[in-house]
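What follows is a set of notes on a single structure, which appears directly below.
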Amino acid sequence: MHKDAAMDLFDDGPNDAPTQGNTPEYTVGELSGAIKRVIENEFGHVRLRAEVGRVSLPRSGHVYLDLKDDKAVMAGIIWKGVASKLATQPEEGMEVIATGRITTFPGQSKYQIIIEDIQPAGMGALMAVLEKRKAALSAEGLFDPARKQPLPYLPEIIGVVTSPSGAVIRDILHRLRDRFPRKVLVWPVAVQGARCAPEVAHAIKGFNKLTPGGALPRPDLIIVARGGGSVEDLWGFNEEAVVRAAAASDIPLISAVGHETDTTLIDYVSDKRAPTPTAAAELAVPVRIELMAWLDQQHARLSRALTQGITLRGQRLRDMARALPRADSLLDGPRQRLDRASDRLARARSLTEAPRLRLERAAARLDPALMTGVQRRRMHLTELGGGLRPAALRARLAENQRRITALSTRLTPAVTRECQLQGARLERTTRQLSDTAQRQLAQWRAQIDSAERLRRTLGYEATLERGFAVVRSGEVLITTAAQADNHTEYDIQFADGKVRMRR
């Protein structure tokens with residue numbers, strides 16, 4: 001049907017009245033086709049400025065949406081091939097400029113626009129969508145600072161999500177090589193356009209699915225980076241899929257999208273935002289030279305602290321040693337008391353000489369046979385008296401006394417009385433001497449034991465038991481490193497023995 005014929009379906013002459021007899025009959029399909037051709041031929045390509053209403057995304061990949069203003073609504077379709085190439089996907093409430101063909105859909109008796117290109121109607125439209133999406137994601141708590149993870153101080157492996165052919169990856173690798181070389185895994189993605197958001201989200205999820213220590217090891221840190229650009233160029237990093245993938249990442253993530261003045265939604269959800277990709281590399285690793293210098297400083301401080309501590313303790317030990325008396329001087333008093341006791345013992349022995357002489361003279365007047373028996377018993381008593389205790393000595397003296405008494409019956413009364421007197425004196429003197437000797441010996445033994453304990457405490461043997469050693473070369477005591485250099489053989493004495501060393 002030609003255009004003129006199609007127009008005849010709708011236009012009657014000004015003076016013609018429709019009559020049932022001469023009006024042709026058409027099917028519904030013929031009429032719908034005629035209307036379709038008229039609309040498509042009359043309008044062709046059009047550009048509409050409108051607000052996006054309802055948006056439907058079926059499994060086919062096509063996009064169905066409404067374009068509206070305050071007076072009318074028009075249905076729109078974006079075929080799958082066109083939708084996959086759009087830099088900005090339409091969302092409800094977005095003000096857009098759509099370019100396409102006006103056509104009809106006879107199946108529902110409606111007209112619609114087949115959209116070939118759709119863009120936000122200026123910067124204001126994009127910012128309005130951005131603010132709306134930011135508010136919704138913030139309400140979910142995705143931007144909460146409490147969710148952010150601390151960055152590892154020195155990651156072994158760093159994963160970078162960026163374009164493999166841009167200057168960004170070269171800047172990151174160069175900066176890492178200058179500061180602290182690390183292993184880097186690059187996940188190539190598109191950094192603008194329709195493929196940007198799904199590829200970046202897939203890369204973040206892919207890094208998190210890697211196994212630590214596997215053939216392709218899991219990174220300890222992720223950097224999502226891109227160079228600067230317009231809002232439209234960076235829009236992929238404002239997509240909800242990217243934001244949610246970054247929020248769900250178990251690996252700490254640094255966002256480095258655009259320049260310092262550029263802000264995208266991934267910056268709010270990342271664990272750390274870097275103003276530039278180069279700054280992201282600086283945040284990822286410390287400066288190796290500075291770290292080594294810091295370690296050297298800490299080692300020097302530790303060495304100085306140890307040296308000072310040992311020096312102070314050595315000085316305190318020397319001060320305390322000077323305050324202590326010498327070991328020889330500690331024994332001076334006990335030695336002197338021992339000498340005086342020895343003198344008193346000699347005098348005590350001299351006291352027994354006179355009674356012993358008188359006894360011997362009296363015994364000389366006795367019968368030789370009796371004299372021999374008494375002499376033998378007296379000698380035996382003297383030998384036993386030196387090593388017996390006072391109680392045993394008294395018992396033995398009593399026994400001898402009884403024997404002497406028995407023998408005395410054979411003596412003259414005068415001699416007997418004299419012997420009894422001398423025997424009593426001898427017994428008293430011996431008892432006194434024995435008591436004095438035992439007390440003095442016990443006192444000397446206690447003093448000597450005390451002096452020996454003090455000598456061991458102050459001697460170097462006790463020091464060896466605390467882990468020290470004494471170094472000698474022959475009879476020479478080595479106390480300094482300079483002395484050690486002058487000898488080739490050493491005897492090192494420990495608490496449990498000596499070891500000979502040769503240099």
Quick one: does any side-chain atom of [X] pair with a main-chain N or O of [Y] as donor and acceptor, under 3.5 Å?
{"X": "Arg179", "Y": "Arg175", "value": "no"}
{"X": "Glu199", "Y": "Ala190", "value": "yes"}
{"X": "Thr162", "Y": "Ala225", "value": "yes"}

Hey, are the side chains of [X] and [Y] touching, using non-hydrogen atoms and a 4.5 Å cut-off?
{"X": "Pro286", "Y": "Leu154", "result": "yes"}
{"X": "Trp294", "Y": "Val287", "result": "no"}
{"X": "Val224", "Y": "Ile254", "result": "no"}
{"X": "Val285", "Y": "Pro155", "result": "yes"}
{"X": "Asp267", "Y": "Ser255", "result": "yes"}
{"X": "His299", "Y": "Ser303", "result": "yes"}
{"X": "Arg218", "Y": "Ile251", "result": "yes"}
{"X": "Arg313", "Y": "Leu317", "result": "no"}

For the pair [X] and [Y], find out whether any cationic side-chain nitrogen is under 4.0 Å from an anionic carboxylate oxygen.
{"X": "Arg182", "Y": "Glu156", "result": "yes"}
{"X": "Glu92", "Y": "Lys132", "result": "no"}
{"X": "Arg322", "Y": "Asp319", "result": "yes"}

[X] atom [atom1]: more than 12 heavy-atom contacts under 6.0 Å:
{"X": "Arg195", "atom1": "CZ", "result": "no"}
{"X": "Ile289", "atom1": "CD1", "result": "no"}
{"X": "Lys183", "atom1": "NZ", "result": "no"}
{"X": "Arg147", "atom1": "CZ", "result": "yes"}
{"X": "Gln315", "atom1": "CD", "result": "yes"}

Rounded to the nearest 0.5 Å, what's the gap from [atom1] on [X] to [atom2] on [Y]? Could you check?
{"X": "Phe143", "Y": "Ser270", "atom1": "CZ", "atom2": "OG", "value": "10.0 Å"}
{"X": "Thr307", "Y": "Leu312", "atom1": "OG1", "atom2": "CG", "value": "10.5 Å"}
{"X": "Lys205", "Y": "Leu210", "atom1": "NZ", "atom2": "CG", "value": "15.0 Å"}
{"X": "Leu338", "Y": "Gln443", "atom1": "CG", "atom2": "CD", "value": "10.5 Å"}
{"X": "Phe207", "Y": "Asp220", "atom1": "CZ", "atom2": "CG", "value": "11.5 Å"}
{"X": "Trp235", "Y": "Ser230", "atom1": "CH2", "atom2": "OG", "value": "11.5 Å"}

Check: Stepwise, does the side-chain hydrogen bond (donor to acceptor under 3.5 Å, both in side chains) test hold for Arg226 with Gln192?
Finding: CA-CA 9 Å; Arg226 186 205 188 280; Gln192 69 182 55; 2.5 Å; yes
Next item on the list: Could you check Phe180 against Leu291 for side chain to side chain contact (heavy atoms under 4.5 Å, CB included), going step by step and ending with a plain yes or no?
Entry: CA-CA 10 Å; Phe180 207 122; Leu291 183 59; 4.1 Å; yes
Notebook entry, point to check: His202: what forms a ring-ring contact (aromatic ring centres under 6.0 Å, His included) with it, not counting sequence neighbours?
Noted result: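 Partners of His202 under the ring-ring contact (aromatic ring centres under 6.0 Å, His included) test: Trp187.
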Next item on the list: Indicate whether any N or O donor in one side chain lies under 3.5 Å from an N or O acceptor in the other, for Ser249 and Asn208.
Entry: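 Yes, because at least one side-chain N or O of Ser249 sits under 3.5 Å from a partner of the opposite role on Asn208.
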